[in-house]
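Data block below; observations after.
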Amino acid sequence: MIAKLVRLAAAATLALGISSAWAAGVVHEGQVVDTMNAGGYTYVQIKESDKTFWAAGPQVEVVKGDVVVVQEQMWMNDFTSKTLNRTFDELLFVGRIDKK
């Protein structure tokens with residue numbers, strides 16, 4: 001019984017640690033190469049120095065050429081958006097997309 005409680009406490013601590021790591025995610029800043037809105041989300045393709053990637057967050061008004069800042073929360077591989085009828089090889093989900 002005590003061993004089970006210790007395992008549960010360890011799992012809870014690990015889960016909290018992961019959540020904290022997500023909250024303190026890496027910040028990315030770059031230029032919007034492409035953007036689209038669907039299902040209450042804004043999808044932005046961001047060019048950041050030597051890499052380009054897609055991010056999705058709550059719907060905002062951005063246009064190609066805007067400089068945006070996003071903070072990593074969760075990366076998804078092979079994510080399919082049913083509303084866009086499109087699969088992204090890699091997509092970063094963010095809590096917000098801020099124009100700089």
Side-chain angles (χ1 to χ4, degrees):
M1 176 75 162
I2 292 176
K4 186 175 182 179
L5 289 174
V6 169
R7 283 194 304 269
L8 286 172
T13 301
L14 179 60
L16 289 173
I18 290 170
S19 296
S20 297
W22 283 355
V26 175
V27 174
H28 297 277
E29 178 180 325
Q31 188 172 32
V32 175
V33 177
D34 196 3
T35 183
M36 59 194 79
N37 292 331
Y41 290 93
T42 293
Y43 294 79
V44 289
Q45 187 177 32
I46 300 170
K47 170 117 175 77
E48 179 185 45
S49 59
D50 61 344
K51 64 182 172 185
T52 302
F53 63 93
W54 280 96
Q59 191 165 326
V60 296
E61 290 299 318
V62 294
V63 296
K64 293 178 185 178
D66 282 349
V67 174
V68 294
V69 178
V70 296
Q71 184 174 3
E72 285 188 14
Q73 286 191 335
M74 182 174 63
W75 285 96
M76 296 278 298
N77 292 321
D78 299 319
F79 176 80
T80 300
S81 165
K82 292 181 181 177
T83 54
L84 291 174
N85 193 27
R86 178 177 178 165
T87 299
F88 296 88
D89 292 337
E90 186 176 63
L91 181 67
L92 172 62
F93 282 98
V94 298
R96 59 194 237 198
I97 300 168
D98 293 318
K99 282 198 263 186
K100 186 150 186 189

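Every heavy atom of this structure was used, including side-chain atoms; hydrogens, water molecules and symmetry mates were not.
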**Prompt:** Side-chain heavy atoms under 4.5 angstrom apart, residues restricted to Ile, Leu, Val, Met, Phe, Trp, Tyr: same cluster for V94 and V69?
**Reply:**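 V94 and V69: separate clusters.
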**Request:** Please indicate whether R86 has more than 12 foreign heavy atoms, meaning atoms of other residues, nucleotides or ligands, lying under 6.0 Å from its CZ.
**Result:**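 Result for CZ/R86: enclosed.
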**Request:** Check whether more than 12 heavy atoms from other residues, nucleotides or ligands sit under 6.0 Å from atom CG of N85, and answer yes or no.
**Result:**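 Count not over threshold, so no.
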Kindly give the heavy-atom pair with the smallest separation between [X] and [Y], and that separation in Å.
| X | Y | answer |
| --- | --- | --- |
| A38 | Y43 | O-CE1, 4.1 Å |
| T52 | K47 | OG1-CD, 3.6 Å |
| R96 | V70 | O-CG1, 3.9 Å |

So, do [X] and [Y] sit near enough that their side-chain heavy atoms are less than 4.5 Å apart?
| X | Y | result |
| --- | --- | --- |
| L84 | M36 | yes |
| V33 | I46 | no |
| F79 | W54 | no |
| D89 | N77 | no |
| L92 | E72 | yes |

**Message:** Please enumerate all residues that pass salt bridge (charged side-chain N to carboxylate O under 4.0 Å, His left out) together with D34, with sequence neighbours excluded.
**Reply:**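 D34 satisfies salt bridge (charged side-chain N to carboxylate O under 4.0 Å, His left out) with no residue once adjacent residues are dropped.
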**Asked** Where the side chain of E48 meets the backbone of G30, is there a donor-acceptor pair that is under 3.5 Å apart?
**Response**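 No.
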Rounded distance (nearest 0.5 Å) linking atom [atom1] of [X] with atom [atom2] of [Y]:
| X | Y | atom1 | atom2 | value |
| --- | --- | --- | --- | --- |
| I97 | T42 | CD1 | OG1 | 5.0 Å |
| S49 | Q31 | OG | CD | 12.5 Å |
| L91 | M76 | CG | CE | 8.0 Å |

**Request:** Kindly determine whether K100 and D98 satisfy salt bridge (charged side-chain N to carboxylate O under 4.0 Å, His left out), including the steps that lead there.
**Result:** CA-CA 6 Å; K100 186 150 186 189; D98 293 318; over 6 Å; no
**Message:** Would W75 and F53 count as a ring pair (Phe, Tyr, Trp, His ring centres under 6.0 Å) here? Give the steps.
**Reply:** CA-CA 11 Å; W75 285 96; F53 63 93; 5.8 Å; yes
Distance-only criterion, 3.5 Å: show the donor-acceptor pairs between side-chain atoms of residues 55-66 and protein atoms not counting sequence neighbours.
| from | atom 1 | to | atom 2 | distance (Å) |
| --- | --- | --- | --- | --- |
| D66 | OD2 | V63 | N | 3.0 |

